[in-house]
Amino acid sequence: MLDIQLLRKDLASVQARIASRGITVNWDEFTALEQQRKEIQTSVQDAQAAQNRISKEIGQAKAKGTHTPELMAAAERYKAQLAGSEQRLAEIQARLEVFLLVIPNLPHATVPLGAAADDNVEQRRVGEPRRFDFAPKDHADLGAGLGMMDFETATKIASARFALISGPLARMHRALSQFMLEVHSNEHGYTEVYVPYLVNAASMRGTGNLPKFEDDLFGVPRRDAEKLYLIPTAEVPVSNIVRDDIVALEKLPLKFVCHSPCFRSEAGAYGKDTRGMIRQHQFDKVELVQIAHPQQSYELLEQLTSHAEEILKRLDLPYRVVALCSGDMGFSAAKTYDIEVWLPGQNGYREISSCSNFEAFQARRMQARFRNEKGKPELVHTLNGSALAVGRTLIAVLENYQQEDGSVTVPAALRPYMGGVERLARG
RNA sequence: GGAGAGGUGCCGGAGUGGUCGAUCGGGGCAGACUCGAAAUCUGUUGUCCCUCUUGCGGGGGACCGUGGGUUCGAAUCCCACCCUCUCCGCCA
């Protein structure tokens, strides 16, 4: 959510920065609502002040045992006057709130301008894509060849966009999560957390998933309680740890790492990535979340991104980092780096991590604050990034480490997590 | 599933219609004492919004789980919802 003060003070620059995302907003509606709000709020508060004063006088008179019919009459007049205008004010404020809830974040000054993914700017490439002296397969063929990846059965059990993996490949999937968790908690200073995978609407609103993106989520209705939602990423529960909290200055930055399954309806992705396990309704991810002092957040974004990169380096997977352009960034982000891993099966780079600084956008929705140097509550900045998407990392390992006979070498960094197994082969 | 209790400020915990934004204790901050610290004593300490000044600051409004209602006036009364806890049952 944007700071309404900023819209009041400098609407023109907000408009320009939102426009750079390629989004159109009915700003006239905002201006009109603001004007009404201002008028009504002033008059309502004046009337409330008068009414409070009179009620207080009545109380004092009663204490002395005096009867005051003329004061009662005056109070009733104010009451009648307030009845309608208070309600109108509430309606206008509710509409302003809704308006603000669906406006995306402002891109940071360093975000490249652009309309779509083509305009993203590559920051660096690390590692050379391997040259194959045979035609490399994609992960779906490799997985099927190993007899360890079965989409038909997954569809029978659930539906399309689910996977069933088994045996050593399932073990490698587990090993990847363990490996990532160990690196981040032992070497990068993150506190490991285990969190609820179902969250309430307030948490979804906090991170920006609601109200605008309800269609992307799986909802879980309950008979006698509030509806819950399956998390699309651990970002939601982990960021909401600090919702409605005031964190002590010296505790910043808070750094959390969390492994969780993620559930996405992929409502807008019909026909996209239908082969293999690139895009699933359910996938595992290790997520980094930082709760930061505003002055530090951009420095921390670089660090957080490097933490995600470290996993790829240790797995010796070639990748590149791109800065998303204004038109390609997500709703809540002020700046985003995507990390794209080389996938021989697709002969291209494919997103495996997304690291963002949300500045105060989520913090304002969550009312997540810290006590600043002056002792005053101030909104924190939130950051997060995948480090990494486990399913896609598994794919990347399969495709990059495949051998001509269809077997797959286990990356050295993973072997300690797999009981020393060095190779996946058809059993 | 059955029965009951409760949601108040950073924390604990009072408060059942009228200077209650809220007694008190703890914590935090400042000061006194001390070489320093502890202990003790004194003072101080909420958030959000509107508005004027736009540096400090002044005026006003709202907030005692959430949303409605009753009333001139509600933390206090009524209704609905959300949540927490205890006991019994069931259960990984």
Side-chain angles (χ1 to χ4, degrees), chain A residues 1-10 30 33-101 194 196-206 210-211 219-229 237 240-252 254 291 360 363-380:
Chain A
M1 194 156 69
L2 298 180
D3 183 0
I4 195 166
Q5 306 292 351
L6 185 62
L7 303 212
R8 286 174 189 158
K9 265 189 279 185
D10 194 1
F30 173 76
L33 281 172
E34 252 301 284
Q35 201 180 334
Q36 291 176 53
R37 190 225 95 226
K38 201 166 179 171
E39 271 171 38
I40 296 173
Q41 184 163 4
T42 312
S43 74
V44 162
Q45 291 190 351
D46 285 349
Q48 283 173 331
Q51 197 195 26
N52 287 345
R53 204 184 55 241
I54 291 170
S55 293
K56 206 164 266 190
E57 284 173 29
I58 292 173
Q60 284 163 347
K62 283 235 164 142
K64 288 183 212 150
T66 339
H67 199 51
T68 56
E70 65 291 337
L71 282 178
M72 299 282 271
E76 267 174 81
R77 275 200 303 280
Y78 279 113
K79 188 191 181 183
Q81 184 189 326
L82 277 168
S85 49
E86 270 180 329
Q87 198 182 339
R88 220 148 53 90
L89 179 62
E91 279 164 20
I92 288 167
Q93 283 177 325
R95 283 174 66 192
L96 278 168
E97 167 95 4
V98 169
F99 184 90
L100 283 177
L101 278 173
Y194 170 80
Y197 301 152
L198 291 166
V199 301
N200 54 35
S203 291
M204 284 295 186
R205 201 176 311 114
L210 287 180
V220 182
R222 293 188 293 171
R223 195 192 311 275
D224 288 317
E226 189 190 353
K227 178 182 184 183
L228 296 176
Y229 296 86
N240 275 281
I241 288 172
V242 294
R243 172 154 55 86
D244 294 325
D245 272 356
I246 298 177
V247 181
L249 178 65
E250 60 273 15
K251 293 208 170 155
L252 298 179
L254 294 172
I291 309 299
R364 189 170 292 109
R365 290 167 165 254
M366 294 193 291
Q367 283 303 296
R369 296 173 292 176
F370 71 104
R371 216 166 269 289
N372 69 17
E373 291 77 356
K374 290 177 184 162
K376 288 289 160 202
E378 183 181 333
L379 296 170
V380 296

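Naming convention: chains lettered A, B, ... in sequence-line order (proteins, then strands); numbering from 1 in each chain.
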With rounding to whole Å, what would you report as the distance between [N] and [M] at their [atom1] atoms?
N: B/A3; M: B/C90; atom1: C1'; value: 16 Å
N: B/U47; M: B/A22; atom1: C1'; value: 14 Å
N: B/U76; M: B/G7; atom1: C1'; value: 15 Å
N: B/U19; M: B/C63; atom1: P; value: 15 Å
N: B/U8; M: B/C85; atom1: P; value: 14 Å
N: B/A14; M: B/G26; atom1: C1'; value: 15 Å
N: B/A75; M: B/G21; atom1: P; value: 8 Å
N: B/A37; M: B/G28; atom1: P; value: 15 Å

Under 4.0 Å between any heavy atoms, over every strand shown, what does A/Gln51 touch: base, sugar-phosphate, or nothing? Just pick one. sugar-phosphate

Identify whether any heavy atom of A/Arg37 sits under 4.0 Å from a base atom; if not, whether one sits that close to sugar-phosphate; answer base, sugar-phosphate or nothing. sugar-phosphate

Round to the nearest Å and state the distance from [X] atom [atom1] to [N] atom [atom2].
X: A/Asn372; N: B/G28; atom1: CG; atom2: C1'; answer: 15 Å
X: A/Lys56; N: B/A74; atom1: NZ; atom2: C1'; answer: 14 Å
X: A/Asp244; N: B/G9; atom1: CG; atom2: C1'; answer: 15 Å
X: A/Gln35; N: B/U51; atom1: CD; atom2: P; answer: 13 Å
X: A/Gln87; N: B/G67; atom1: CD; atom2: C1'; answer: 13 Å
X: A/Gln5; N: B/C48; atom1: CD; atom2: P; answer: 11 Å
X: A/Leu82; N: B/U71; atom1: CG; atom2: P; answer: 15 Å
X: A/Arg369; N: B/C48; atom1: CZ; atom2: C1'; answer: 8 Å

Any strand counts, and the cut-off is 3.5 Å on both contacts for Watson-Crick or G-U wobble. Which nucleotide pairs with [N]?
N: B/G27; value: B/U45
N: B/C81; value: B/G65
N: B/G55; value: none
N: B/G1; value: B/C88

So that I can tick it off, tell me whether A/Arg37 and A/Glu34 are bridged by a salt bridge, with the cut-off set at under 4.0 angstrom between side-chain N and carboxylate O. yes

Would you say A/Gln41 reaches B/C49's phosphate, i.e. side-chain N/O to OP1/OP2 under 4.0 Å? no

Report yes if a side-chain nitrogen or oxygen of A/Asn52 is closer than 4.0 Å to either non-bridging phosphate oxygen (OP1 or OP2) of B/G60; otherwise report no. no

Upstream residue (5' side of RNA chain B) when A/Ala50 and A/Gln93 are each assigned their closest nucleotide: A/Gln93

Walking RNA chain B from its 5' end, the first of A/Ile54 and A/Gln60 to be reached, judged by nearest nucleotide, is A/Gln60

Closest approach of A/Val44 to A/Leu82 (non-hydrogen atoms, all atoms of both residues): O-CD2, 3.6 Å

Nucleotide nearest [X] (side chain, heavy atoms from C-beta), chosen from [options]:
X: A/Pro377; options: B/U51, B/C48, B/C49; value: B/C48
X: A/Met72; options: B/C72, B/U47, B/U19; value: B/C72
X: A/Gln45; options: B/G60, B/U51, B/G18; value: B/G60

Under a 3.5 Å distance rule, please check whether A/Arg371 uses its side chain to pair with a backbone N or O of A/Ala248 as donor and acceptor. no

Between A/Arg364 and A/Met1, is there a donor-acceptor pair closer than 3.5 Å when you use the side chain of the first and the backbone of the second? yes

Derivation and outcome, side-chain hydrogen bond (donor to acceptor under 3.5 Å, both in side chains), residues A/Gln81 and A/Gln51: CA-CA 10 Å; A/Gln81 184 189 326; A/Gln51 197 195 26; over 6 Å; no

Can you find an N or O donor on one side and an acceptor on the other, under 3.5 Å apart, linking the side chain of A/Gln48 with the base of B/G61? no

Hydrogens and angles aside, do A/Ser203 and A/Asn200 bring a side-chain donor and acceptor to less than 3.5 Å of each other? yes

Just wondering, do A/Asp245 and A/Arg369 contact through their side chains at under 4.5 Å, heavy atoms? no

